[in-house]
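Quick caveat: nothing in here was measured; it's all calculated off a predicted structure. Each ligand, and each atom within it, is numbered from 1 in the order the structure gives.
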Amino acid sequence: KKGGYPHFMLKEIHEQPESLRNTILPRVQNKLPDFTADNIPDSLFHGISRIIITACGTAMHAGLIGKMMLEKLLRIPVSVEVASEFRYQDPIIDKGTLVITISQSGETADTLAALKLSKERGAATLSIVNVKGSSIARESDYVLYTHAGPEIAVASTKAYTAQLSCLYLLAFRFAYATGKMEKDACIDELQQLLHAVSVLEEVLSQDKIIEEISIQVKDKEDLFFIGRGLDYALSCEGSIKLKEISYIHSEAYAAGELKHGTLSLVTEGVPVVALATQQKVYSKMISNIREVKARNAFVILVTVEDQEAEASIYDYHIVLPKIKDEYAPFPAAVVLQLLAYYTSLHRGLNVDQPRNLAKSVTVE
Ligand code: M6R
């Protein structure tokens, strides 16, 4: 069942190149993203002036990355709402609003309720769901299925990256269909996405160094993830992954926020995972890393190939294959998943079924 892997989580982490290709390739026609087989017409995108993404947990974190990509390409406002909050608010929704719900199981009670509320208020609804025929899929006007295959481990891994790929495809098609992106540019973006998938094998093969880091951090009480832009959104995911299966307290911070309070918690030996994959804010990240290193933090730096980093600012350095800023979340996510996995493993915990948590949260 576990295909030779000791845990479902490790198996599912390693399945990502395949699950991503299964999700992306059926939606490629003449080198362009195409949703004809998904019954999602281009007419859906015309007249949309605003997007709300609503989901829970890891699916919501995928939404945080999706927001940045959608806003970049569409130049319309996108907000990301935690479903359990959104459903009890009095959300402003009209016909020009597209509500995107994201869910692996398609059964999360709060996400389903947020979807129903959105429909009642007249929004167009599209869901990104893994489980075929699930409640959320059935309730939505349109469905873009992630073809990640069954995800058994409670910690979501391959569903998350598949959700990201659907959000990117959606951003490409939406931008192309509404004339906001030229054909050649759209073809190029899709190539970049496929390139991001092709570098994952290389990242998966770095698991020894990640395991070594996990042994260094496994007995720590607190851990911080810092980043800017997409790296901040990804930090949120790195933090939930680690805490849910290793039971180590962790927080994700926008690196620029550190000096507004959190830096007081960074003391000698406190691990800080610093994600610095975004070239446009690289120098700003390096200054933030210097700030934590000056407090003797234990720094695990993640950068992209060719990016200079002086050895004095980190304890471990993970180098990702060369990739454009927008696509770095794919390989970087794999690093964070492996870090959570090995930390849980070396703490002797039940990796696939952490205490107090369920795979499908059908209670409110
Ligand atoms: O099935 P869903 O995607 O709707 O589940 C949402 C969350 O419960 C889920 O992502 C949870 O946060 C994961 N256990 C995180 O790894």
Return the residue, atom name and 0.1 Å-rounded distance of the protein heavy atom closest to [atom].
atom: atom 6 (C) of ligand 1; result: Cys56 O, 3.4 Å
atom: atom 9 (C) of ligand 1; result: Thr58 N, 4.1 Å
atom: atom 4 (O) of ligand 1; result: Thr108 OG1, 2.4 Å
atom: atom 3 (O) of ligand 1; result: Gln104 N, 2.6 Å
atom: atom 8 (O) of ligand 1; result: Val361 CG2, 4.0 Å
atom: atom 16 (O) of ligand 1; result: Glu244 OE2, 2.3 Å

Check each heavy atom of Lys241 against ligand 1 and say whether those closer than 4.0 Å belong to the side chain, the backbone, both or neither. side chain

Considering the heavy atoms of [X], write down every atom of ligand 1 situated less than 4.0 Å from one of them.
X: Ala59; result: 3 (O), 10 (O)
X: Gly57; result: 12 (O)
X: Ser105; result: 1 (O), 2 (P), 4 (O)

Applied to residues 124-154, the ring-ring contact (aromatic ring centres under 6.0 Å, His included) test, sequence neighbours excluded, yields none

Verify the distance criterion only: is there a donor paired with an acceptor across the side chains of [X] and [Y] at less than 3.5 Å?
X: Glu189; Y: Tyr327; answer: yes
X: Ser250; Y: Ser239; answer: yes
X: Asp110; Y: Thr108; answer: no

Check residues 59-67 and write down every donor-acceptor pair under 3.5 Å in which the side-chain atom is one partner and the other belongs to a residue at least two apart or another chain.
from  : atom 1 : to     : atom 2 : distance (Å)
His61 : ND1    : Glu237 : OE1    : 3.0
Lys67 : NZ     : Glu71  : OE2    : 3.4
Lys67 : NZ     : Val78  : O      : 2.8

Which atom pair, heavy atoms only, marks the closest approach of Thr111 to Ile102?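 Of all heavy-atom pairs spanning Thr111 and Ile102, the closest is CG2-O, 4.0 Å.
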
Using distance alone, determine whether [X] and ligand 1 share an N or O pair under 3.5 Å.
X: Gln163; answer: no
X: Lys359; answer: no
X: Val154; answer: yes

Once the angle between the rings of Tyr253 and Phe224 is folded into 0 to 90°, is it parallel (under 30°), tilted (30 to 60°) or perpendicular (over 60°)?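 Judged by the thresholds at 30° and 60°, the geometry between Tyr253 and Phe224 is tilted.
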
Yes or no: does Ala155 have any heavy atom under 4.0 Å from an atom of ligand 1?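 Yes.
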
Please report the interatomic distance CD1(Ile318) to CG(Leu339), rounded to the nearest 0.5 Å.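 The CG atom of Leu339 is 7.0 Å from CD1 of Ile318, to the nearest 0.5 Å.
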
Establish, yes or no, whether the cationic atom of Arg173 lies under 6.0 Å from the six-membered ring centre of Phe45 and within 45° of the ring axis.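 No, Arg173 does not sit over the ring of Phe45.
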
